[in-house]
Protein chains: 2
Amino acid sequence: MALESLVGYNLKRAYVILQNDYRAVMGDHGLSPRVFSALTFVVETPNLTQSDLARRLGIERSGLVAIVDELEGRGYLCRVAVPQDRRVQALSPTDAGVQAYEAALKLVHDHEDRILHTLDAVERAQLLHLLKKIRETGE
Amino acid sequence: MALESLVGYNLKRAYVILQNDYRAVMGDHGLSPRVFSALTFVVETPNLTQSDLARRLGIERSGLVAIVDELEGRGYLCRVAVPQDRRVQALSPTDAGVQAYEAALKLVHDHEDRILHTLDAVERAQLLHLLKKIRETGE
DNA sequence: GATAATTGTTAACCTAGTAAACGATCTAGG
DNA sequence: CCTAGATCGTTTACTAGGTTAACAATTATC
């Protein structure tokens, strides 16, 4: 079967498996992968603007609006006006946002430990390294 | 940045990069990844039925209909009635389908060679092995 | 000071799926 | 034999996760 030796095919199948397990672990009202990623950037990056965040996530500004809306709706961040540039909205995490991020990160680690339990530490590091190498050539 | 050490995040980013390059190489009217995968199974598997194919692709039967419709519309396969079981439609590739498959496979190999040029043969084999290991635990 | 670029946002659209229901058909148990 | 359940392909409605194009407001550049 030609597909079995294609990286793209195996990458997609593995991606779907991880995503399904992610959702199972995070539950029905948990943060979706993209919302969790966005929250991570917001918590870890001071003075982040929406355009910044969209670029870092590799999506369009327009697509980010719904994500930020959700995080704001959950009370996990605030859009704060920036006097130096009145076009932008800086994204500032709330205390609840930081807490939710830390709790979600624990769940995500549990999920990855579970779904990747057949990979030892060396293999997992290898996998990360190889995926990053792909990212570097394509971004 | 916590995301950088997560397999899921890196997997998705790498997957998006491969998918974008795939589409760039295959062109605007080329076979989409899922349609190419389906055609591969049809060409390589005699007497394949739609339910079989859906199971192998890991999608629902209902979702497969549009894919088979497209392949049939392009003249790459025929739905043929099976006398032994009048519920099923066997999927039989046409000559044009086999030809299109072989041409597409060449393009896919070109695409993977290009996007993965920073990985040597050993790394590429490692990556395939690790992705397959994930697939085995999750399917 | 005019022109161009950037920001956040909305609206319309697209892709790739899922879930539920359907009639047709096949299979197994009594 | 025949009835209950399973399976097959299909349609319909829906969802997630994006994109592109346009917009007013604002800032940067020449």
Side-chain angles (χ1 to χ4, degrees), chain A residues 8-9 11-13 15-20 22-24 26 28-38 42 47-73 77-92, chain B residues 8-9 11-13 15-20 22-24 26 28-38 42 47-73 77-92:
Chain A
Y9 181 74
L11 197 57
K12 171 160 190 187
R13 298 296 292 249
Y15 164 64
V16 168
I17 287 165
L18 251 78
Q19 197 183 227
N20 286 345
Y22 174 98
R23 288 182 199 282
M26 301 298 278
D28 226 25
H29 297 287
L31 299 174
S32 65
R34 65 195 198 141
V35 173
F36 171 72
S37 299
V42 170
N47 305 319
L48 187 68
T49 71
Q50 283 190 212
S51 288
D52 281 344
L53 181 50
R55 275 187 289 268
R56 297 195 198 212
L57 290 173
I59 63 175
E60 294 299 314
R61 294 185 333 273
S62 59
L64 186 65
V65 174
I67 299 173
V68 173
D69 282 350
E70 175 176 341
L71 286 170
E72 194 179 39
L77 63 76
C78 295
R79 288 168 158 112
V80 299
V82 175
Q84 295 83 36
D85 186 342
R86 285 178 306 175
R87 290 171 302 184
V88 313
Q89 309 266 143
L91 301 173
S92 178
Chain B
Y9 181 74
L11 197 58
K12 171 161 188 187
R13 299 295 293 249
Y15 163 65
V16 168
I17 287 166
L18 250 79
Q19 197 184 226
N20 286 345
Y22 174 99
R23 288 181 199 284
M26 301 298 278
D28 225 25
H29 297 287
L31 299 175
S32 65
R34 65 194 198 143
V35 173
F36 170 73
S37 299
V42 170
N47 305 320
L48 188 67
T49 70
Q50 284 190 212
S51 289
D52 281 345
L53 181 49
R55 274 187 290 269
R56 297 195 197 213
L57 290 173
I59 63 175
E60 295 298 314
R61 296 189 325 280
S62 59
L64 186 65
V65 175
I67 297 173
V68 173
D69 282 350
E70 176 176 340
L71 286 170
E72 195 179 39
L77 63 77
C78 295
R79 289 167 156 113
V80 298
V82 176
Q84 295 82 34
D85 186 341
R86 285 178 304 174
R87 292 170 301 181
V88 313
Q89 309 265 144
L91 301 174
S92 178

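Convention: sequence-line order gives letters A, B, ...; per-chain numbering from 1. All values reported here derive from a predicted model rather than from experimental measurement.
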Starting at [atom1] of [X] and ending at [atom2] of [N], how long is that distance when rounded to a whole Å?
| X | N | atom1 | atom2 | answer |
| --- | --- | --- | --- | --- |
| B:L48 | D:dC8 | CG | C1' | 14 Å |
| A:H29 | D:dT15 | NE2 | P | 14 Å |
| B:N47 | D:dC8 | CG | P | 15 Å |
| B:L57 | D:dG9 | CG | P | 13 Å |
| A:I17 | C:dG17 | CD1 | P | 14 Å |
| B:D69 | D:dT12 | CG | P | 12 Å |
| B:L91 | D:dC8 | CG | P | 13 Å |
| A:D28 | C:dT18 | CG | C1' | 14 Å |

Presence of [X] side-chain N/O under 4.0 Å of [N] phosphate oxygens OP1/OP2:
| X | N | result |
| --- | --- | --- |
| A:Q50 | C:dT6 | no |
| B:R55 | D:dC8 | yes |
| A:S51 | C:dT6 | no |

- Query: For nucleotides 16-22 of chain D, read 5' to 3', which letter fits each nucleotide if B means a protein heavy atom sits under 4.0 Å from the base, S means only the sugar-phosphate is that close, and - means neither?
  - Reply: SSSBBB-

- Query: What does nucleotides 25-30 of chain D look like as a protein-contact string, B for base, S for sugar-phosphate only, - for none, at under 4.0 angstrom between heavy atoms?
  - Reply: -BS---

- Item | Qualifying residue, where the test is side chain to side chain contact (heavy atoms under 4.5 Å, CB included) with B:Q50 and the options are B:R61, B:R55, B:R79 |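 Testing each of B:R61, B:R55, B:R79 against B:Q50, the sole residue satisfying side chain to side chain contact (heavy atoms under 4.5 Å, CB included) is B:R79.
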
- Hey, which of B:L71, B:D52, B:L77 is the one that makes side chain to side chain contact (heavy atoms under 4.5 Å, CB included) with B:L91?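 Exactly one option meets the side chain to side chain contact (heavy atoms under 4.5 Å, CB included) with B:L91, and it is B:L77.
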
- Query: Quick check: are there more than 12 heavy atoms from other residues, nucleotides or ligands sitting under 6.0 Å from CG of B:N47?
  - Reply: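 No - once you tally the heavy atoms of other residues, nucleotides and ligands closer than 6.0 Å, there are 12 at most.
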
- Message: Please determine whether the number of non-hydrogen atoms from other residues, nucleotides or ligands lying under 6.0 Å from atom CG of A:N20 exceeds 12.
- Response: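 Enclosed.
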
[atom1]/[X] to [atom2]/[Y] distance, rounded to the nearest 0.5 angstrom?
| X | Y | atom1 | atom2 | value |
| --- | --- | --- | --- | --- |
| B:L57 | B:I67 | CG | CD1 | 6.5 Å |
| B:L31 | B:Y22 | CG | OH | 6.0 Å |
| A:K12 | B:L18 | NZ | CG | 12.5 Å |
| A:S51 | A:R56 | OG | CZ | 12.0 Å |

- How close do A:A54 and A:L64 get, heavy atom to heavy atom, and via which atoms?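 It is N-CD2, 3.7 Å.
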
